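A short worksheet on the structure shown next.
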Amino acid sequence: MRCLLLTITCCLILSGCERAPEASQQMDNYLERVGRVLDAPWTRFDSQSLSQYRLPSRRDRLLPVAEQRIGMLELLVESRRCQTLQQSVAQRNSSLGKVMPWSHRLAADGELIQALDDCIEVLHDDPAREALLVDLQNIAATKREELPEVFWNALNASSEFEYYLRFTADPLPVSSTALTDQAALDALQQLTAIGQALPGVLPPPRTELQSHFQALQRSQRGSELIHSLARLTHTLEQVTAMLGSERAQKLCPLGKPTQRSQILLNVFVTFYAGEIQPYLAQVQRLGQPWQQSLGELAQVQAIPAETEHYLRALVGAKDSLWERYQQQLNAHSTAWQDVLGQCQLRPGQPGWNTRDTDT
């Protein structure tokens, strides 16, 4: 019993001492360094705030689509010349067909519409099949009109799409090489193109659709990016506020470098330019195509209101996660220029050229 308690205690200690990701450490260290030099208060990032970027419930993101059935007896008797349509209807009326996921249904509806169109072409000059022809034309028209709604249900009901848009517990890793998410971005662009082309162009086969969904499932970067953008926005906002504080404005009362301003310059060079800026560049490089891809997806017709609201909150032009991050980038750069400039410590100014490189 004693050994068991000791084992549990050790596990708890080890889990409690688990190191934060390197990116999180760099951001917290940056806050601490600036706060220490300026003797200014700051607030740590609250990971609970990420919950505002959680997807709305699946139920609220699904659109109503009426279920239409073609009578098998009538079809078997009246349309023996349309075997592909008979097979398609038989599959849809089977036990598996009745419970197929929406991503499969999107492809199946495309196949059904194509089979209906082919059958209509076969029967169009047969006077004896006039009533059946009218029924098939009506069904084909209705199914085609529903394709945009089925497309969005295919996305919103898929675990792959939800997985891609979740937020992770960790931000993007610090990396000396460029992080990429090309397969997932390509999949998003392909899915967007499919949605934009509906209903004039029928959806592709199931295998092609599944390859796009699987690419989203394999991506880790999109969800890490959401965390990074939120955490960086908080970090930049906090440091910008400290740089704009009264103490920072009085750092160099005579307009010349002081000991404290030299220390702050070292923080700028070593921790902001040396660590944070390369990470910002990585996030920007990965984030721009992500923002563009999700923004284009949000413009696809028939998008459910809850899904549109969510995507706009991530990448919209007004008050979105991406837009707030861009605003903080600009404000942060300006704040550093202002503080260093008043002390003649900006690049090109006398203080910069004679700065102390010791940190």
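Note that the structure is predicted; figures quoted are calculated from it, not measured. Residues: numbered from 1 along the sequence shown.
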> Got a sec, which residues hit side chain to side chain donor-acceptor pair (under 3.5 Å) with Tyr310, two or more places apart in sequence or on another chain?
Replying inline: none
>> Could you report the tightest heavy-atom contact between Gly287 and Leu225, atom names first, then the distance?
In response: CA-CD2, 3.7 Å
> side-chain contact (heavy atoms from CB on, under 4.5 Å) between Leu294 and Leu165: does it pass, once the steps are laid out?
Replying inline: CA-CA 10 Å; Leu294 288 182; Leu165 290 176; 4.1 Å; yes
>> Between Lys318 and Glu323, does any side-chain N to carboxylate O distance fall below 4.0 Å?
In response: no
> Are any side-chain N or O atoms of Ser320 and backbone N or O atoms of Ala317, one a donor and one an acceptor, separated by less than 3.5 Å?
Replying inline: no
> Does the side chain of Ser228 come under 3.5 Å of the side chain of Tyr279 through a donor N or O and an acceptor N or O?
Replying inline: yes
>> Once ring pair (Phe, Tyr, Trp, His ring centres under 6.0 Å) is applied, what residue pairs with a partner in residues 186-239 remain, sequence neighbours excluded?
In response: Phe45-His227, Phe45-His234
>> Tell me the closest heavy-atom pair linking Gly341 and Arg346, and the distance in Å.
In response: N-CG, 3.6 Å
> Out of curiosity, does Tyr163 fall in the hydrophobic cluster containing Tyr53 (side-chain heavy atoms, cut-off under 4.5 Å, transitive links)?
Replying inline: no
> Is it true that Lys143 and Asp117 have a side-chain N and a carboxylate O under 4.0 angstrom from each other?
Replying inline: no
> If you measure from CD on Glu275 to CG on Asn29, what distance do you get to the nearest 0.5 Å?
Replying inline: 6.5 Å
> So which pairs with a foot in residues 223-232 pass salt bridge (charged side-chain N to carboxylate O under 4.0 Å, His left out), sequence neighbours left out?
Replying inline: Asp28-Arg231, Arg221-Glu224
> Do Leu31 and Met242 have side-chain heavy atoms sitting under 4.5 Å apart?
Replying inline: yes
> Which pairs, with at least one residue in residues 291-308 and sequence neighbours excluded, count as a salt bridge (charged side-chain N to carboxylate O under 4.0 Å, His left out)?
Replying inline: Glu308-Arg312
> So do Thr233 and Leu329 actually touch side chain to side chain, heavy atoms under 4.5 Å?
Replying inline: no
>> Looking only at the side chains, is there a donor atom on one of Arg285 and Gln282 sitting less than 3.5 Å from an acceptor on the other?
In response: yes
> If you look at every heavy atom in Leu172 and Ala23, which pair is closest and at what distance?
Replying inline: O-CB, 3.5 Å
>> Counting C-beta onward and ignoring hydrogens, is there a side-chain heavy-atom pair between Gln137 and Leu133 closer than 4.5 Å?
In response: yes
> How many angstroms lie between CD in Gln291 and CG in Leu229, if you round to the nearest 0.5 Å?
Replying inline: 10.0 Å
>> Is any side-chain heavy atom of Val150 closer than 4.5 Å to one of Leu198?
In response: no
>> For a quick check under 3.5 Å, do Asp186 and Gln182 share a side-chain donor-acceptor pair by atom type?
In response: yes
>> According to side chain to side chain contact (heavy atoms under 4.5 Å, CB included), who are the partners of Asn156, at least two apart in sequence or on a separate chain?
In response: Arg61, Leu62, Trp152, Phe161, Pro304, Thr307
>> Between Ser333 and Asn330 (side chain of the first, backbone of the second, donor and acceptor by atom type, cut-off under 3.5 Å), is there such a pair?
In response: no
> What is the minimum heavy-atom distance between Asp181 and Gly222, and which atoms define it?
Replying inline: OD2-N, 3.7 Å
> Thr240 and Thr334: side-chain contact (heavy atoms from CB on, under 4.5 Å), yes or no, with the steps?
Replying inline: CA-CA 9 Å; Thr240 298; Thr334 299; over 6 Å; no
> In the single-linkage hydrophobic clustering (I, L, V, M, F, W, Y; side-chain heavy atoms under 4.5 Å), do Leu155 and Met100 co-cluster?
Replying inline: no
> Under 3.5 Å, is there a donor-acceptor pair between the side chain of Gln52 and the main chain of Ser49?
Replying inline: yes
> Taking side chain as C-beta onward, heavy atoms only, is Pro171 less than 4.5 Å from Ser24?
Replying inline: yes
> So if you build clusters from Ile, Leu, Val, Met, Phe, Trp, Tyr with side-chain heavy-atom gaps below 4.5 Å, do Trp336 and Val269 land together?
Replying inline: yes
> Can you name the nearest heavy-atom pair linking Ser219 to Tyr164, along with the distance?
Replying inline: OG-CE1, 3.3 Å
>> On a heavy-atom basis, which atom in Gln342 and which in Ala248 lie closest, and how many Å separate them?
In response: NE2-O, 2.8 Å
> Stepwise, does the side-chain contact (heavy atoms from CB on, under 4.5 Å) test hold for Arg36 with Ile263?
Replying inline: CA-CA 10 Å; Arg36 191 181 308 157; Ile263 297 173; over 6 Å; no
> Please, which pairs that meet ring pair (Phe, Tyr, Trp, His ring centres under 6.0 Å) have at least one residue in residues 101-144, sequence neighbours excluded?
Replying inline: none
> Is Cys343 close to Leu251 at the side-chain level, that is, under 4.5 Å between some pair of heavy atoms?
Replying inline: yes
>> My understanding is that only residues two or more places apart in sequence, or in another chain, count here; which of them pass side chain to side chain donor-acceptor pair (under 3.5 Å) with Glu208?
In response: none
> Taking side chain as C-beta onward, heavy atoms only, is Gln284 less than 4.5 Å from Gln326?
Replying inline: yes
> According to the side-chain hydrogen bond (donor to acceptor under 3.5 Å, both in side chains) rule, which pairs have a member within residues 247-260, sequence neighbours left out?
Replying inline: Glu246-Lys250, Thr258-Ser261
>> Evaluate Ile303 against Leu311 for side-chain contact (heavy atoms from CB on, under 4.5 Å), listing each step before the verdict.
In response: CA-CA 10 Å; Ile303 182 173; Leu311 293 178; 4.2 Å; yes
> Which residues satisfy the ring-ring contact (aromatic ring centres under 6.0 Å, His included) test with Tyr30, sequence neighbours excluded?
Replying inline: Tyr272, His332
>> Between Asp118 and Gln114, does the side-chain hydrogen bond (donor to acceptor under 3.5 Å, both in side chains) criterion hold? Intermediate values first, please.
In response: CA-CA 6 Å; Asp118 292 344; Gln114 186 61 62; 3.1 Å; yes
>> For Gln301, give me all partners under side chain to side chain donor-acceptor pair (under 3.5 Å), at least two apart in sequence or on another chain.
In response: none
>> Test your reading of the model: is there a side-chain donor-acceptor pair from Thr270 to the backbone of Val267, 3.5 Å cut-off?
In response: no
> Say you draw a straight line from CG of Leu136 to SG of Cys82; how long is it, rounded to the nearest 0.5 Å?
Replying inline: 7.0 Å
> For Arg206, what residues pass the salt bridge (Lys or Arg N to Asp or Glu O under 4.0 Å) criterion, not counting sequence neighbours?
Replying inline: none
> Roughly how far apart are Asp125 CG and Leu123 CG, rounded to 0.5 Å?
Replying inline: 8.5 Å
> Would you say the side chain of Ile276 lies within less than 4.5 Å of the side chain of Met27, judging by non-hydrogen atoms?
Replying inline: yes
> Could you state the interatomic distance from OG (Ser159) to CZ (Arg166), rounded to the nearest 0.5 Å?
Replying inline: 11.0 Å
>> What's the separation between atom CG in Leu264 and atom CZ in Arg33, rounded to the nearest 0.5 Å?
In response: 12.5 Å
Run the side-chain donor-acceptor check on residues 187-194: report pairs under 3.5 Å with partners two or more places apart or on a different chain.
from, atom 1, to, atom 2, distance (Å)
Gln189, NE2, Ser293, OG, 3.4
Thr192, OG1, Leu188, O, 2.8

